[in-house]
Novice: 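Mind having a look at this structure? Questions to follow.
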Amino acid sequence: MSVKAENVTKLYGKQAALKKVSFEINSGEIVGFIGPNGAGKSTMMKIITGYMPQTEGSVSVNNIDVIENPLEIKRNIGYLPENNPLYPNMFVKEYLGFVAGLYKLGKKTNDRVNEMVHLTGLETEKHKQIGSLSKGYRQRVGLAQALIHDPSVLILDEPTSGLDPNQIVEIRDLIKQAGQDKTVLLSTHIMQEVEAICGRIIIINNGEIVADDKTSNIYSHVQQASTIVVEFNGDTDENQLHEIKGITNIAKLEKRWWLIETPVKLDIREKVFEFAVKKNLVVLSMQKKEKRLEEVFRELTKK
């Protein structure tokens, strides 16, 4: 077991940021931890990493309690906070050497610094001041410092915030590479990122877990419908389309394009072709529209 939270509550005065939150993350999992602003994501991450105490409940990392042994927890965790606090006047290798010193890596320091520079693609920037780097490269430095002591658990809070599409892909690949032999808890607002790299998703809303499942199963937590988008070569109308048995909802998109919904287990594509033949129409295009994580997220966090 890598990370275990049991009935974690965090109060700020009378306001509860977390309400009896419980989950377990096994070794080797890459878990997306998502929710709206103010849902409690960063608070939970700060508690796991020992940066703030919980009000109630318990948290352990590799069976080590975060309250009872905070220094040992920090040896086991690599943490990239949302704001990625760096020293802008320090040079990249200088800073990574400084971080290695905090973890008391001793004779391993130089090798680990060089290894992290290579792993995170900082070779061309290693002799530059951090303050002169682009945000993408600063995020790389942040990942390098989180990994330099070879932790078994990696906590990443909005690691791609503010990056351009190319930089997002680069950081995403770094996270996937790091996650091959580590447990990763990743918080982000980019749903495509979660779908691309996380094998499991935890959704939190108003301080409570509202879904916790494998990425492939997360869609089952909301009422599902099967959706197809079809284009005919001629005109039809909604009343005629309702002649197709099983349709629960119809919407006209544009001109001769229609969106058709049915219960999730019903495949009506064959019936749509039969309808077209009956009405002397030709199906020019028909595709199944998959439900996206964004839709699941909105539905589970709209309250």
Novice: Are E170 and R140 close enough for a salt bridge, meaning some N to O gap below 4.0 Å?
Specialist: yes

Novice: Check I171 against G136 and note the closest heavy-atom contact, atom names and distance.
Specialist: CD1-O, 4.2 Å

Novice: Could you tell me which non-hydrogen atom of T109 sits nearest to which non-hydrogen atom of G106, and how far apart they are?
Specialist: OG1-O, 2.8 Å

Novice: Any non-hydrogen side-chain atom of R138 less than 4.5 Å from a side-chain atom of I130?
Specialist: yes

Novice: Between V8 and I67, is there shared hydrophobic-cluster membership here, with clusters defined by ILVMFWY side-chain heavy atoms closer than 4.5 Å?
Specialist: yes

Novice: Show the nearest heavy-atom pair for residues M191 and I34, with the distance to one decimal.
Specialist: SD-CD1, 3.9 Å

Novice: Among T215, N26, D212, exactly one meets side-chain hydrogen bond (donor to acceptor under 3.5 Å, both in side chains) together with R200. Which residue is that?
Specialist: D212

Novice: Quick check: is W257 connected to V283 through a chain of hydrophobic side chains (ILVMFWY, heavy atoms under 4.5 Å apart)?
Specialist: no

Novice: Are I204 and L11 co-members of a hydrophobic cluster defined by side-chain heavy atoms under 4.5 Å apart?
Specialist: no

Novice: Does NZ in K279 sit with more than 12 non-hydrogen atoms of other residues, nucleotides or ligands closer than 6.0 Å?
Specialist: yes

Novice: Taking the side chain from S22 and the backbone from N7, do they hold a donor-acceptor pair closer than 3.5 Å?
Specialist: yes

Novice: Do V21 and I209 make a side-chain contact, defined as non-hydrogen atoms from C-beta onward lying under 4.5 Å apart?
Specialist: yes

Novice: A quick test of your reading: do over 12 heavy atoms of other residues, nucleotides or ligands sit less than 6.0 Å from NE2 of H242?
Specialist: yes

Novice: Just wondering, are more than 12 heavy atoms of other shown residues or ligands nearer than 6.0 Å to NZ in K46?
Specialist: no

Novice: Salt bridge between E274 and K271, side-chain N to carboxylate O under 4.0 Å?
Specialist: no

Novice: Taking N114 for its side chain and N110 for its backbone only, find out whether a donor-acceptor pair lies under 3.5 Å.
Specialist: yes

Novice: CG of L156 to CG of L186: how many Å apart, nearest 0.5 Å?
Specialist: 6.0 Å

Novice: Give a yes or no on whether the backbone of V153 and the side-chain of T183 come within a donor-acceptor separation of less than 3.5 Å.
Specialist: no

Novice: Does some side-chain heavy atom of T9 sit less than 4.5 Å from a side-chain heavy atom of L18?
Specialist: no

Novice: Measuring from atom CE of M44 to atom CD1 of I155, what distance do you get when rounded to the nearest 0.5 angstrom?
Specialist: 9.0 Å

Novice: Hydrophobic clustering (ILVMFWY, side-chain heavy atoms < 4.5 Å, transitive) - are V99 and F91 grouped together?
Specialist: no

Novice: Counting C-beta onward and ignoring hydrogens, is there a side-chain heavy-atom pair between V66 and V61 closer than 4.5 Å?
Specialist: yes

Novice: Please tell me if the side chains of N37 and H189 come closer than 4.5 Å, counting only heavy atoms from C-beta onward.
Specialist: yes

Novice: Quick check for you: to the nearest 0.5 Å, what is the distance between L122 atom CG and H118 atom NE2?
Specialist: 11.5 Å

Novice: Is K4 salt-bridged to E24, going by a charged N under 4.0 Å from an acidic O?
Specialist: yes

Novice: To the nearest 0.5 Å, how far apart are CD1 in I47 and CE in M45?
Specialist: 12.0 Å

Novice: Any non-hydrogen side-chain atom of F297 less than 4.5 Å from a side-chain atom of P36?
Specialist: yes

Novice: Following the transitive rule for hydrophobic clusters with a side-chain heavy-atom cut-off under 4.5 Å over Ile, Leu, Val, Met, Phe, Trp and Tyr, establish whether I250 and I268 coincide in one cluster.
Specialist: yes

Novice: Nearest 0.5 angstrom please: E123 CD to K93 NZ, how far?
Specialist: 10.5 Å

Novice: Can a donor-acceptor pair be found, under 3.5 Å and without considering hydrogens, that links the side chain of Q139 to the backbone of P159?
Specialist: yes

Novice: Please enumerate all residues that pass side-chain contact (heavy atoms from CB on, under 4.5 Å) together with T236, with sequence neighbours excluded.
Specialist: F232, Q240, L241, W258, F275, L281

Novice: Kindly determine whether V92 and L133 satisfy side-chain contact (heavy atoms from CB on, under 4.5 Å), including the steps that lead there.
Specialist: CA-CA 9 Å; V92 171; L133 302 179; 3.7 Å; yes

Novice: Look only at the side chain of N62 and the backbone of I64, and say whether a donor-acceptor pair between them is shorter than 3.5 Å.
Specialist: no

Novice: Testing T188, I190, L80 for side-chain contact (heavy atoms from CB on, under 4.5 Å) with E158, which one passes?
Specialist: T188

Novice: Evaluate the criterion side-chain contact (heavy atoms from CB on, under 4.5 Å) for residue pair F23 and V3; output intermediate values, then yes/no.
Specialist: CA-CA 8 Å; F23 58 83; V3 180; 4.3 Å; yes

Novice: Is a donor on one side and an acceptor on the other found under 3.5 Å between the side chain of K10 and the backbone of P53?
Specialist: yes

Novice: Between D267 and R269, is there a donor-acceptor pair closer than 3.5 Å when you use the side chain of the first and the backbone of the second?
Specialist: yes

Novice: Name the atoms and distances for all side-chain donor-acceptor pairs under 3.5 Å in residues 141-151, with sequence neighbours left out.
Specialist:
from: Q145; atom 1: NE2; to: Y79; atom 2: O; distance (Å): 3.0
from: Q145; atom 1: NE2; to: G142; atom 2: O; distance (Å): 3.0
from: H149; atom 1: NE2; to: I77; atom 2: O; distance (Å): 2.8
from: D150; atom 1: OD1; to: K182; atom 2: NZ; distance (Å): 2.6

Novice: Compare every heavy atom of K41 with every heavy atom of G35, then report the nearest pair and how far apart it is.
Specialist: O-NZ, 3.0 Å

Novice: Would D235 and R256 satisfy side-chain contact (heavy atoms from CB on, under 4.5 Å), going step by step from the backbone distance to the final call?
Specialist: CA-CA 6 Å; D235 295 327; R256 295 163 180 174; 3.2 Å; yes

Novice: Between the side chain of T43 and the main-chain N/O of A17, is any donor-acceptor distance below 3.5 Å?
Specialist: no

Novice: Can you check whether P85's main-chain N or O pairs, donor with acceptor, with N83's side chain at less than 3.5 Å?
Specialist: no

Novice: Does any part of the side chain of E231, heavy atoms only, come nearer than 4.5 Å to the side chain of L253, both counted from C-beta?
Specialist: no

Novice: Nearest heavy-atom pair of I218 and I201: which atoms, and what distance?
Specialist: CD1-O, 3.9 Å

Novice: Is there a donor-acceptor contact under 3.5 Å from the side chain of N233 to the main chain of V282?
Specialist: yes

Novice: How far does CG of L154 sit from CD1 of I175, to the nearest 0.5 angstrom?
Specialist: 7.5 Å

Novice: So which heavy atom on M286 is nearest to which on F273, and how close?
Specialist: CE-CE1, 3.1 Å

Novice: Within a strict 4.5 Å, meaning less than it, do heavy atoms of the T160 and R172 side chains meet?
Specialist: no

